Amino acid sequence: MKSILKKITAAAVVLMTSIGMSSYMPSEITNAAPDEYHDDWLHVNENAQIVDMDGNPVWMTGCNWFGYNVGSQVFDGVWSQNMHKMLNEIADHGFNLLRVPMSTEILLQWKNGDPDPMIKVNEWENPELTVEGIVGGTPMYSFDIWNKAVEWCRENGMKIMIDIHSATTASSGHQLPLWYDSNFSTDDWLEALSWFADYYKDDDTIIAIDLKNEPHGKNDGQGMAIWDDSTAENNWKYAAERGAAAVLEKNPNLLIMVEGIEVYPKFEIGSDWNSPAVDYAHYGDESKQPYYGAWWGGNFRGARDYPVDLGEYQSQLVYSPHDYGPLVYAQTWFDKDFTRQTLLDDYWYDTWAYLVEENISPLLMGEWGGFIDEEHDPTGDNLKWMTILRDYMIEKKIHHTFWCFNENSGDTGGLVYDNFGKWDEAKYAFVEPSLWQDNDGKFISLDHKIKLGQSGNGISLSDYYGGTSIGDKTEASSSESTTTETSDKLRYGDSNCDGKVEIADATLILQFLTNKDEYKLTEQGMRNADCCNTGDGVTASDALAIQMLDAGQIKLLPYNE
């Protein structure tokens, strides 16, 4: 046995020397001691995973619900349905994160207490949203209604990520390419971000901010988001770092979502940001086009050359691409009989997938979705694309927020129909496998105490992890218990299912691999043992990862090489 352990230790030293350590180290939690408003903050660990305060990996699987960005002053659909009921239904259907498009304008309106220009609330269906609290009363101020939404999400164990969808409130505001426009400057945007982060700094219901929806443009005179190391006003990398600083100065625990841009120059053929705009997707010899194209907000080629730098708060950074299918726009990568591999080769990998494939950063797919019914998708190509992306995100544990709950998204449709009154069961059945669930099909909240939803089919983080930290070396080594415990809860590294993660687990894995007839792993032990490059089965790398954890060379499991 001693010779086996010496080999493991030597291999661990060699491996750590060869791979180095990632820059994604956890920052200190600086708010109050954990309680019902401070125990759910998330950060990115050295393995490029989003984890909770105990180092347990989480999976953020949510949906979008717009309205605050378009002039409704509230979620769309509250003009006909009860908002509280709709939020309950979203949580009951297993979505643990709600991405809410906003505008710089509405945040500054709330900050300054300016009156609502209009408000689309059905006061007969929403007595809780009236000043008097009665059917047919006077609708509350929109910020008060928003805070009711925050309260009801909290009651459902559902977290919120706001998204600055546009500078000016407008249904077409997202068409403008930048985070500033003729009405609101970059400084206004920074002021709005700072105020919002400060206002909710003691409420972990608000868990993330998407700094700007879909920066885009391709040097066609309409404005253009670039990505380099300059301090140009339209440099998205520079702006994102400034926006993150404005947020994290007020609340260093918020996750910061940074989207991509639209195009990136083909420097290898002499292009730069000043190259004349052409339709790079459809005209001429594409190999001679000046830019690599992408969906708006989807191009992260610049992040390889110029990574976003959040300094001491690097552990709060998450890159957030958007991706859509052929019904939204007939991109060139859909011209062939596409597969996962062709999508990776032709578009995904170099544009955004390398970030997760190379273990550089976690990803949150901020928007994906579309029609799947035969009327809108007679060829089935859109459903085919959605299925490929969904299954890829499940396999790679890519976080995501489905677009969208609203039925009034013209090029995708939504999860509901009949004036927000009924769920599209076929579309929901398609999305449901990509929602975070345990082995019993219970939907998992991002809240440590509150179960997801009201239906009884949701559990809390503590329910899922049993109130302990997975891969917590200190906890494992300090335990005095010698009683063997069995559990159906996943505990990475605990191959002998005794409730601890230690060298004995590594030894058992190696013995099992050497002689499976003599040394056995239970079904639960097999799941627990697959703690390195999860999904590849039980290998010697799993034993090595446990040794590295014991030696303090990594901080938690699972570990991805």
Side-chain angles (χ1 to χ4, degrees), residues 8-9 11-30 40-60 207-208 241 244 248 252-258 300 303-304 307-320 353-364 396-399 446 461 465 468-477 490-494 501-502 505-506 528 530-536 539 541-561:
I8 296 175
T9 302
V13 171
V14 171
L15 181 60
M16 289 306 298
T17 301
S18 66
I19 66 174
M21 289 297 289
S22 167
S23 61
Y24 289 89
M25 298 297 292
S27 62
E28 293 293 324
I29 300 299
T30 58
D40 296 328
W41 303 118
L42 304 175
H43 63 270
V44 179
N45 69 12
E46 65 271 28
N47 296 327
Q49 297 170 305
I50 299 178
V51 297
D52 71 0
M53 64 179 183
D54 296 317
N56 296 314
V58 302
W59 195 16
M60 307 168 74
I207 211 163
E241 290 169 348
L248 296 169
N253 299 305
L254 284 171
L255 288 179
I256 301 296
M257 303 291 161
V258 175
F300 285 92
R304 187 185 285 282
V308 170
D309 182 3
L310 302 189
E312 63 179 311
Y313 300 121
Q314 194 70 17
S315 64
Q316 301 311 112
L317 173 66
V318 179
Y319 289 122
S320 183
Y354 75 91
L355 289 160
V356 69
E357 292 277 0
E358 298 176 24
N359 205 35
I360 295 171
S361 170
L363 295 178
L364 184 141
K396 299 298 180 179
K397 283 296 181 286
I398 293 173
H399 309 265
L446 298 172
L461 266 181
Y465 282 120
T468 61
S469 176
I470 302 305
D472 188 328
K473 173 179 176 292
T474 302
E475 175 191 341
S477 63
L490 185 63
R491 179 181 287 273
Y492 286 113
D494 184 16
V501 179
E502 52 192 3
D505 295 295
N528 292 349
D530 184 13
C531 61
C532 180
N533 300 326
T534 54
D536 65 353
T539 69
S541 295
D542 299 311
L544 178 57
I546 294 169
Q547 158 60 8
M548 291 165 63
L549 178 75
D550 186 78
Q553 293 169 321
I554 61 176
K555 293 184 180 297
L556 72 153
L557 299 174
Y559 173 74
N560 293 309
E561 294 179 312

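The chain is numbered in sequence order, starting from 1. Since the structure is predicted, the reported quantities are computational estimates derived from the model, not experimental observations. These numbers come from the heavy atoms of this one structure, side chains and all, not from hydrogens, waters or symmetry mates.
Counting only heavy atoms from C-beta outward, the side chains of L254 and Q316 never approach each other to under 4.5 Å. Residues D494 and D505 form a side-chain contact, since some pair of their non-hydrogen atoms from C-beta on lies under 4.5 Å apart. Y465 is listed as a side-chain neighbour of P57, based on a closest heavy-atom distance under 4.5 Å. Proximity of Q49 to P558: side-chain heavy atoms (C-beta onward) are separated by under 4.5 Å at one or more points. Two residues are said to be in side-chain contact when any heavy atoms from C-beta on lie closer than 4.5 Å; V44 and V51 fail this criterion. Annotation: side chain of I546 is in contact with side chain of V501 (closest heavy-atom distance under 4.5 Å). Residues M60 and L255 are in side-chain contact: their nearest non-hydrogen atoms beyond the backbone lie under 4.5 Å apart.
Contact record, D52 with H43: O-CE1, 3.6 Å, taken as the closest heavy-atom pair. Between N45 and N47, the closest heavy-atom pair is OD1-N, 2.8 Å. Scanning both residues, W59 and I398, for their nearest heavy atoms gives NE1-O, 3.0 Å. When all heavy atoms of I256 and A244 are compared, the pair lying nearest together is CG2-CB, 3.9 Å. Residues Y313 and P252 approach most closely at CE2-CB, 3.4 Å, considering heavy atoms.
We find the CZ-CG distance between R304 and L355 to be 7.5 Å, quoted to the nearest 0.5 Å. Interatomic distance, N253 CG to I207 CD1, rounded to the nearest 0.5 Å: 10.0 Å. Here the CD-CG distance, from Q314 to L248, works out to 10.5 Å after rounding to the nearest 0.5 Å. Interatomic distance, L317 CG to D309 CG, rounded to the nearest 0.5 Å: 9.5 Å.
Proximity of a side-chain donor or acceptor of D54 to a complementary backbone N or O of N56 within less than 3.5 Å is not detected. Checking side-chain atoms of Y319 against main-chain N and O of A303 turns up no donor-acceptor pair under 3.5 Å. Looking only at distances, a side-chain donor or acceptor of D542 sits under 3.5 Å from a matching main-chain atom of C532.
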Start with the C-alpha distance between Y559 and L544, add both sets of side-chain angles, then the distance that settles side-chain contact (heavy atoms from CB on, under 4.5 Å), and finish with yes or no.
-> CA-CA 10 Å; Y559 173 74; L544 178 57; over 6 Å; no
Could you go step by step and tell me if H399 and M257 meet the side-chain contact (heavy atoms from CB on, under 4.5 Å) rule?
-> CA-CA 11 Å; H399 309 265; M257 303 291 161; over 6 Å; no
